[in-house]
*Asks:* 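This is the structure I have questions about; it appears just below.
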Amino acid sequence: MDRLFSYIIRLVVWLAGWVKPCSRMHLCHYEEWQKGQPLKILLVGYNGARNTGADARVVALTRQLEQAFGTTQAQLTLMTLSKDNVRGYFPEAVRLWRFTTVFVFSLLRACSRHHVAILCEGSTLTPTFADALCMFFCEAAGIMRRQGKPCIAYGSEIGHLDGWLARLSSDLCRDTYFIVRTEASLHNLNALGLSGHVGTDTAWTFQDEKGAAWARQHLIDSGWDGKQPLMGVEPLNPFCWPVRPSLWRWLRSIITRDFSQQYDKLYYFTDSQERRQQFQHYLAAMAAATDRYCREHHAFAIVLGMEQLDAEACKLLAQQLESPHVVCTSKTCDVFQMTGLIRQLNILLTSRYHASVLSMERTIPVVAVSIDARLEGVMGEVQLAEHYLHHVTDTDLEHRILASLRMAGEHEEEIRETIRRHLTIYKNMTVEMSQFFIAWLRYTQCGPPRGHAASDKRRGSNASLAVAA
């Protein structure tokens with residue numbers, strides 16, 4: 001069904017070219033930037049699903065854009081699956097545009113009414129979680145290209161794509177400029193024949209505001225004595241991805257009334273007996289290593305759910321813990337509260353990429369158990385991968401995790417220093433990205449800027465930002 005959906009998207013992109021002439025007959029709405037009016041910027045991302053990382057990225061991005069444009073030169077609109085789930089995250093000037101997982105025509109209307117699109121989700125062109133997510137961003141890029149409007153991907157990850165999904169991405173995104181997050185993403189981008197350079201994640205500049213004070217009081221109310229070391233553990237279900245549409249599974253759910261594996265509408269999680277067993281092994285290893293570490297250090301555990309989908313994994317892991325603990329998930333805690341909790345920690349065990357990113361503001365030692373190239377990438381960049389990165393399918397996972405947790409305690413100051421050094425680099429790169437974006441918009445009528453020498457301090461380069469006019 002994913003491939004059939006891709007043909008529908010190609011058709012909608014073709015129809016996008018007829019929106020402007022149809023608007024002259026008052027059949028639809030179309031906007032084109034005119035000199036002197038505010039620039040209408042559409043932020044296309046995976047928001048409103050109570051995903052802490054996705055929301056933190058865009059909150060930070062909107063603030064970066066406000067600093068770059070001021071409050072009068074640009075009008076920001078964020079696409080969201082739920083307005084209620086992001087309410088209070090953004091200034092009132094940021095408009096919210098609701099869409100659903102059946103997004104094709106909502107995205108067409110949104111793009112047609114804006115002058116510029118920013119693809120602001122980290123997993124922009126990665127097949128790990130869902131092919132439909134890739135197609136969502138491909139459609140946005142294709143519509144903007146068809147209507148002759150600028151489109152840029154901002155702090156994106158590009159996975160290895162092949163077959164029809166690679167062809168779709170190459171075709172619809174060929175006028176989109178990509179600021180990718182890693183060298184590996186740039187390699188994959190170039191393999192698709194697309195243009196871009198290496199930047200970083202926008203979430204490095206996210207601030208938790210009142211979240212820290214709330215988090216400390218919440219932990220005390222939950223049984224923490226205010227002095228015990230805090231260990232965070234962030235599980236997920238690594239074996240339920242990718243999500244795929246299935247008409248048959250949807251019909252079967254209607255008949256049996258079993259919607260336990262449904263993500264939304266026709267979309268279902270991947271499921272098998274083998275995957276369920278792997279999930280149980282993963283949870284047991286995470287729980288056992290957490291218990292051992294907490295006993296050895298008299299620590300209090302915080303089980304963190306960075307996305308509302310993680311709530312079930314958090315519940316199952318917590319049931320296996322014997323150590324004092326509290327469960328906090330994004331179902332009930334907003335992005336500021338979740339980040340405040342993360343930044344109270346003394347050590348973090350995580351399978352979520354953005355948990356590691358948000359923790360590094362406080363230079364917290366991180367041990368990662370990954371299915372995600374983004375998490376593997378950041379652990380490599382901050383020089384922690386060799387001793388502190390594991391994979392969900394590793395044998396003897398419990399002992400590997402425990403060994404890393406113990407080693408992190410022994411080398412805490414070294415870890416904090418390397419994180420501190422890289423954090424400065426990341427924050428400087430976010431400034432360069434916003435400068436580049438302004439320059440890119442200025443010359444967009446001549447095509448994406450070429451000859452860009454992005455500062456890549458991670459490789460020791462001192463090159464300055466340069467845009468060819």
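Keep in mind the model is a prediction, meaning the values are calculated, not measured.
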*Asks:* Any Lys/Arg nitrogen of Arg420 or Glu417 sitting under 4.0 Å from an Asp/Glu carboxylate oxygen of the other?
*Replies:*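 A salt bridge is present here (some side-chain N lies under 4.0 Å from a carboxylate O).
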*Asks:* Report the C-alpha separation of Phe178 and Ser185 in whole Å, then their side-chain angles, then the decisive distance to 0.1 Å, and conclude whether the side-chain contact (heavy atoms from CB on, under 4.5 Å) test is met.
*Replies:* CA-CA 10 Å; Phe178 288 79; Ser185 286; over 6 Å; no
*Asks:* Check whether Thr363 reaches the backbone of Ile419 with its side chain - one donor and one acceptor, N or O, closer than 3.5 Å.
*Replies:* no
*Asks:* Quick check: do Arg421 and Gln383 have side-chain heavy atoms less than 4.5 Å from each other?
*Replies:* yes
*Asks:* Scan Phe99, Tyr46, Phe5 and name whichever one has a ring pair (Phe, Tyr, Trp, His ring centres under 6.0 Å) with Phe136.
*Replies:*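 Going through the options one by one, the only one that passes is Phe99.
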*Asks:* Can you check whether Ser351 reaches Ile371 side chain to side chain, under 4.5 Å on heavy atoms?
*Replies:* no
*Asks:* Counting only heavy atoms not in His187, do more than 12 sit closer than 6.0 Å to its NE2 atom?
*Replies:* no
*Asks:* Does Thr128 reach the side chain of Ser123, with side-chain heavy atoms less than 4.5 Å apart?
*Replies:*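 No, every pair of side-chain atoms sits at 4.5 Å or beyond.
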*Asks:* Would you give the length of the straight line joining atom CG of Leu441 to atom CD1 of Ile41, rounded to the nearest 0.5 angstrom?
*Replies:* 6.5 Å
*Asks:* Are the side chain of Arg343 and the backbone N or O of Arg362 linked by a donor-acceptor pair below 3.5 Å?
*Replies:*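 No; judged by distance alone, with no hydrogens or angles, the pair does not exist.
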*Asks:* So, does Tyr282 use its side chain to make a donor-acceptor pair with the main chain of Leu236 at under 3.5 Å?
*Replies:*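 Looks like yes, one N/O pair under 3.5 Å.
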*Asks:* To the nearest 0.5 Å, what is the distance between CE (Met286) and CG (Leu349)?
*Replies:*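 Interatomic distance, Met286 CE to Leu349 CG, rounded to 0.5 Å: 4.0 Å.
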*Asks:* In terms of heavy-atom contacts, does CZ of Arg295 have more than 12 from other residues, nucleotides or ligands at under 6.0 Å?
*Replies:* yes
*Asks:* So, taking the atom named CD in Gln217 and the one named CG in Leu219, what distance separates them when rounded to the nearest 0.5 Å?
*Replies:*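 Reported value, rounded in 0.5 Å steps: 9.5 Å.
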*Asks:* Give a yes or no on this: more than 12 heavy atoms of other residues, nucleotides or ligands lie within 6.0 Å of atom NZ of Lys331.
*Replies:* no
*Asks:* Quick test of your reading: applying salt bridge (charged side-chain N to carboxylate O under 4.0 Å, His left out), list the pairs with at least one residue in residues 77-86, sequence neighbours left out, ordered by first then second residue.
*Replies:*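 Salt bridge (charged side-chain N to carboxylate O under 4.0 Å, His left out) check on residues 77-86 returns Asp84-Arg87.
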*Asks:* Would you say Glu274 has more than 12 foreign heavy atoms packed within less than 6.0 Å of its CD?
*Replies:* no
*Asks:* With a 4.0 Å cut-off on N to O distance, would you call Arg63 and Glu209 a salt bridge?
*Replies:*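 Salt bridge flag = yes for Glu209 with Arg63.
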*Asks:* Evaluate the side-chain proximity of Cys111 to Leu42: yes if any heavy-atom separation is below 4.5 Å, no if none is.
*Replies:* yes
*Asks:* Under a 3.5 Å cutoff, is there a donor and acceptor pairing between the side chains of Tyr426 and Glu381?
*Replies:* yes
*Asks:* Who passes side-chain contact (heavy atoms from CB on, under 4.5 Å) against Ala288, sequence neighbours left out?
*Replies:*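 By the side-chain contact (heavy atoms from CB on, under 4.5 Å) rule, Ala288 matches Glu398.
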*Asks:* Is any side-chain N of the basic residue among Asp201 and Arg374 closer than 4.0 Å to the acidic one's carboxylate O?
*Replies:*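 Salt bridge between Asp201 and Arg374, a charged N being under 4.0 Å from a carboxylate O: no.
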*Asks:* Nearest 0.5 Å, what's the CG-CG distance between Leu168 and Leu192?
*Replies:*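 CG of Leu192 is found 10.5 Å from CG of Leu168.
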*Asks:* Might you work through the side-chain hydrogen bond (donor to acceptor under 3.5 Å, both in side chains) test for Gln64 and Thr430, ending with a clear yes or no?
*Replies:* CA-CA 8 Å; Gln64 293 164 18; Thr430 62; 4.6 Å; no
*Asks:* Go through it in stages, so that I can follow the logic: the residues are Phe129 and Asp372, the test is side-chain contact (heavy atoms from CB on, under 4.5 Å), and I'd like the CA-CA distance, side-chain angles, deciding distance and then a yes or no.
*Replies:* CA-CA 9 Å; Phe129 300 105; Asp372 190 345; 4.1 Å; yes
*Asks:* Taking C-beta and beyond as the side chain, do Thr290 and Met231 meet within less than 4.5 Å on heavy atoms?
*Replies:* yes
*Asks:* Main chain of Phe103, side chain of Ser106: is a donor-acceptor contact present, judged purely on distance under 3.5 Å?
*Replies:*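 Side chain of Ser106 to backbone of Phe103: no pair is present.
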*Asks:* Using only atom types and a distance under 3.5 Å, with no angle test, would you say the side chain of Glu234 pairs donor to acceptor with the backbone of Met306?
*Replies:* yes
*Asks:* To the nearest 0.5 Å, how far apart are CG in Leu317 and CG in Leu283?
*Replies:* 5.5 Å
*Asks:* Evaluate side-chain contact (heavy atoms from CB on, under 4.5 Å) for His281 paired with Gln278, printing each intermediate quantity in order.
*Replies:* CA-CA 5 Å; His281 171 73; Gln278 289 176 316; 5.6 Å; no
*Asks:* Of all residues at least two apart in sequence or in a different chain, which pass the ring pair (Phe, Tyr, Trp, His ring centres under 6.0 Å) check with Tyr267?
*Replies:*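 By the ring pair (Phe, Tyr, Trp, His ring centres under 6.0 Å) rule, Tyr267 matches no residue at all.
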*Asks:* So, the side chain of Ser404 versus the backbone of Arg400: is there a donor-acceptor pair under 3.5 Å, distance only?
*Replies:*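 Between the backbone of Arg400 and the side chain of Ser404 there is a qualifying donor-acceptor contact (under 3.5 Å).
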*Asks:* So if I apply the side chain to side chain donor-acceptor pair (under 3.5 Å) rule between Asp55 and each of Thr339, Thr80, Asn47, Asn85, which one comes out positive?
*Replies:*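 Checked Thr339, Thr80, Asn47, Asn85 against Asp55; only one passes side chain to side chain donor-acceptor pair (under 3.5 Å): Asn47.
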*Asks:* In Å, rounded to the nearest 0.5 Å, how long is the span from CD1 of Ile401 to CZ of Arg406?
*Replies:* 12.5 Å
*Asks:* Would Phe336 and Phe206 count as a close aromatic pair, with their ring centres under 6.0 Å?
*Replies:*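 Yes, close enough.
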*Asks:* Are there over 12 heavy-atom neighbours, none belonging to Trp250, within less than 6.0 Å of that residue's CH2?
*Replies:*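 No, not enclosed.
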*Asks:* Okay, side chain of Asp394, backbone of His391: is any donor-acceptor separation there less than 3.5 Å?
*Replies:*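 Yes.
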*Asks:* State, yes or no, whether a side-chain contact exists between Thr350 and Val366 at a heavy-atom distance under 4.5 Å.
*Replies:* yes
*Asks:* Report the C-alpha separation of His325 and Ser323 in whole Å, then their side-chain angles, then the decisive distance to 0.1 Å, and conclude whether the side-chain hydrogen bond (donor to acceptor under 3.5 Å, both in side chains) test is met.
*Replies:* CA-CA 6 Å; His325 64 273; Ser323 306; over 6 Å; no
*Asks:* I'd like to know if the side chain of Tyr154 reaches the main chain of Ser434, judged simply by a donor and an acceptor atom lying under 3.5 Å from each other, with no hydrogens or angles considered.
*Replies:* yes
*Asks:* Answer yes or no: is there a side-chain heavy-atom contact under 4.5 Å between Trp214 and Asp208?
*Replies:* no
*Asks:* Looking only at heavy atoms, which two atoms of His218 and Ser222 are closest? And how far apart?
*Replies:* O-OG, 2.8 Å
*Asks:* Counting only N and O atoms by type, is there a donor-acceptor contact under 3.5 Å from the side chain of Asp225 to the main-chain atoms of Gln228?
*Replies:*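 Checking the backbone N and O of Gln228 against the side chain of Asp225, a donor-acceptor pair under 3.5 Å is found.
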*Asks:* Just so I know, are the side chains of Tyr263 and Leu309 near enough to count as touching, which here means a heavy-atom distance under 4.5 Å?
*Replies:*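 Counting from C-beta outward, Tyr263 and Leu309 do come under 4.5 Å.
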*Asks:* Strictly distance-based, threshold 3.5 Å: is any side-chain N or O of Arg249 a donor or acceptor partner for the main-chain N or O of Gln262?
*Replies:*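 Side chain of Arg249 to backbone of Gln262: no pair is present.
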*Asks:* Between Val357 and Trp204, is the side-chain contact (heavy atoms from CB on, under 4.5 Å) condition met? List the steps.
*Replies:* CA-CA 7 Å; Val357 169; Trp204 293 110; 3.8 Å; yes
*Asks:* What do the steps show when you test Arg50 against Ser330 for side-chain hydrogen bond (donor to acceptor under 3.5 Å, both in side chains), and what is the final call?
*Replies:* CA-CA 6 Å; Arg50 280 290 188 171; Ser330 63; over 6 Å; no
